[in-house]
Amino acid sequence: MRKLHSFSGGIHPPEHKEQSTREPIAQASLASRLIVPLQQHMGAVGDPLVRKGQRVLKGQPLAAAAGAFSAATHAPTSGMVSALELHPAPHPSGLLALCAVIEPDGEDRWTEHSPLDWRNADPQATLARLRDGGVVGLGGAVFPTAVKARGNGRPVDTLIINGGECEPYITCDDMLMRERAPEISRGIEILQRLTGAREVVVGIEDNKPEAVAAMEAACGASAIPIQVEPVPTLYPAGGEKQLIKVITGREVPSRGLPAEVGVVCFNVATVYAVYRAVELGEPMVSRVVTVTGNVHAPRNFECLLGTPVGELAALAGPCVDTDGFIMGGPLMGFPLPSDAVPVVKATNCVIASSEALFPKPPPPMPCIRCGRCAEACPAGLQPMDLYWFAKAHNLAKAEEFSLFDCIECGCCDYVCPSHIPLVQYYKFAKGEIRTLAQEKETADRARRRHEFRQYRQDREKQERAARLASRAPGAKKAPATPEALAESQEAE
Ligand code: SF4
Ligand code: SF4
């Protein structure tokens, strides 16, 4: 048993997990049409590889990875591409994303599978398989897994598999570990080889005893030593930096990456997708999603990407007073703009909401500087100061007080007796800072372009003047340059 460490802050909200873990994972039925955003990952998006009217097979690429920091997107079933069009994406802003709309033919016919003999393959080939197989972080960040598995060019000694799943209501990782632990342990072996980590630890909150037992049995039979470590249940123990702190005692530096302290961390669902992409040769076309909240039969479903949320939620029987859907958990998730938005790689949970389940909070009151938010903050921040800076639009000060170390966990919101929606202020301030930085970058680029044009025009003017002077009667013969020759030929 290893010595565990603790992180500062954290809260114990009611878990609401038991409702969706009573039944095994079910296969979601095929939707009437699938709406597949071509970008479901962080990084560049490739051009569409299909056109309207084209027939596709399940697993056929819809868009290739655009360079190293990217991932491909695939058809989740066989059928016809009926449109390539902008469609509301599952995003708080309801922004539009380019999507391939697929009318399923009902046959669910795969492209040819090409399993990779990863033990004997060049690691670069395995990384390319992850990128081309569309594997990204399924814990929410959707960071391309092939990029992370390189450790950002830094040596990694510890590989951590994140089975924390600390947010209330969400149980998809728990059920995946209970039911598919042997496959997850194969995925861990692949990632251990890619990262070269000497030590491998699976961190699971101790409120998931069945998952711990299943993972212990599977990892015990693995070809490499894998330690399964139950960690104390405390939200947000499943946060990447928090889990690394608990397991290794190492602090990821402010705005830094885990690789800077020799660690790389993958979510268990990502590891399962790694196994499928490499050993089975199956690109990422589905994921397990928890459907819970104000529904009659909460459950986890293996769901094709692109399935409209409304069609998935219908399988769990939403109650009549359902007034919307939340993607993610109640603390870090966001209300969906409509139930027509599709399930994407980042969709771990869909919660049907109602006034009774999530009553409107009372109107915010002034901050009384009680300090509870600072006690609860797992990032060691001063949330009330960040709130004041964001409210006063003092963005420089907010940045100076480590605004970007905020993981938007919502612990401060949860404990605030004045019901101030603190996280909304942080999201707003971050958005403003990013927009300003973008505007500055655009203006700098335009200025550099203008300065270069000015410089080129001045130089051309000087060269022309020099040439004319060299041709004047009595002028010394100037050395011949290709430009001067061309000009003199033109003049003749
Ligand atoms: S918990 Fe709320 S009221 Fe208390 S200091 Fe923080 S922001 Fe102010
Ligand atoms: S949302 Fe940000 S400021 Fe609030 S507790 Fe979490 S990390 Fe701290």
Side-chain angles (χ1 to χ4, degrees), residues 5-15 92 139-141 162 164-170 205 231-246 250-258 261 265 326-335 346 348-349 358 360-434:
H5 306 262
S6 55
F7 60 90
S8 60
I11 55 173
H12 283 285
E15 294 179 5
N162 189 344
E165 199 171 58
C166 54
E167 194 163 358
Y169 285 97
I170 311 174
E205 272 196 344
V231 301
T233 297
L234 174 68
Y235 179 81
E240 188 173 69
K241 289 185 176 181
Q242 285 66 37
L243 191 62
I244 290 170
K245 177 75 197 297
V246 169
R250 299 177 203 171
E251 297 261 8
V252 179
S254 173
R255 297 189 86 165
L257 294 170
V261 292
C265 185
I326 295 167
M327 184 173 124
L331 289 159
M332 294 185 78
F334 57 89
N348 53 2
C349 182
F358 301 113
K360 273 198 186 62
M365 306 282 285
C367 170
I368 53 171
R369 296 201 76 85
C370 63
R372 284 194 213 169
C373 50
E375 280 165 27
C377 179
L381 304 175
Q382 297 293 322
M384 62 285 200
D385 291 339
L386 291 176
Y387 159 63
W388 285 113
F389 297 139
K391 196 173 176 192
H393 223 261
N394 191 344
L395 301 177
K397 209 72 182 152
E399 235 185 315
E400 188 188 320
F401 274 63
S402 308
L403 173 68
F404 282 93
D405 281 346
C406 165
I407 57 170
E408 298 173 13
C409 64
C411 289
C412 50
D413 271 15
Y414 186 79
V415 298
C416 178
S418 295
H419 311 291
I420 302 171
L422 296 161
V423 181
Q424 281 184 27
Y425 281 94
Y426 310 147
K427 285 183 178 168
F428 167 78
K430 286 181 186 176
E432 285 289 281
I433 292 170
R434 287 193 188 108

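Just so you know, ligand 1 is whichever comes first in the structure, and atom 1 is the first atom listed for that ligand.
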Problem - Side chain to side chain, K241 and D405, heavy atoms closer than 4.5 Å - result: yes
Excluding water, the protein N, O or S atoms sitting under 2.8 Å from atom 8 (Fe) of ligand 1 are C367 SG
Q.
For H5 and I244: C-alpha separation, side-chain torsions, deciding distance, then whether side-chain contact (heavy atoms from CB on, under 4.5 Å) applies.
A. CA-CA 9 Å; H5 306 262; I244 290 170; over 6 Å; no
Looking only at atom types and distance, does a side-chain atom of K430 sit under 3.5 Å from a main-chain N or O of C406, one as donor and one as acceptor? yes
- Query: Would you say Y235's side chain and C409's backbone share a donor-acceptor pair under 3.5 angstrom?
  - Reply: yes
- Query: Less than 4.0 Å between a side-chain N and a carboxylate O, is that true for R372 and E375?
  - Reply: no
Where is the nearest protein heavy atom to [atom]: which residue, which atom, and how far?
| atom | result |
| --- | --- |
| atom 2 (Fe) of ligand 2 | C406 SG, 2.4 Å |
| atom 6 (Fe) of ligand 2 | C409 SG, 2.3 Å |
| atom 7 (S) of ligand 2 | I407 N, 3.5 Å |
| atom 8 (Fe) of ligand 2 | C377 SG, 2.4 Å |
| atom 4 (Fe) of ligand 2 | C412 SG, 2.3 Å |

Near [X], which atoms of ligand 2 are under 4.0 Å from a heavy atom of that residue?
| X | result |
| --- | --- |
| Y426 | 3 (S), 4 (Fe) |
| G410 | 1 (S), 6 (Fe) |
| V423 | 1 (S) |

Verify side-chain contact (heavy atoms from CB on, under 4.5 Å) between L395 and H393, making sure each step is shown before the conclusion.
-> CA-CA 5 Å; L395 301 177; H393 223 261; 4.0 Å; yes
Practice task
Mind running side-chain contact (heavy atoms from CB on, under 4.5 Å) on F389 and L403 for me, showing each step along the way?
Solution key: CA-CA 10 Å; F389 297 139; L403 173 68; over 6 Å; no
- prompt: What's the verdict on side-chain contact (heavy atoms from CB on, under 4.5 Å) for Y387 and C412, showing C-alpha distance, side-chain angles and the deciding distance?
  reply: CA-CA 11 Å; Y387 159 63; C412 50; over 6 Å; no
Within a 6.0 Å radius of atom CD on Q424, are there more than 12 heavy atoms belonging to other residues, nucleotides or ligands?
no
When every non-hydrogen atom of L234 is compared with those of E205, the smallest separation belongs to N-OE2, 3.3 Å
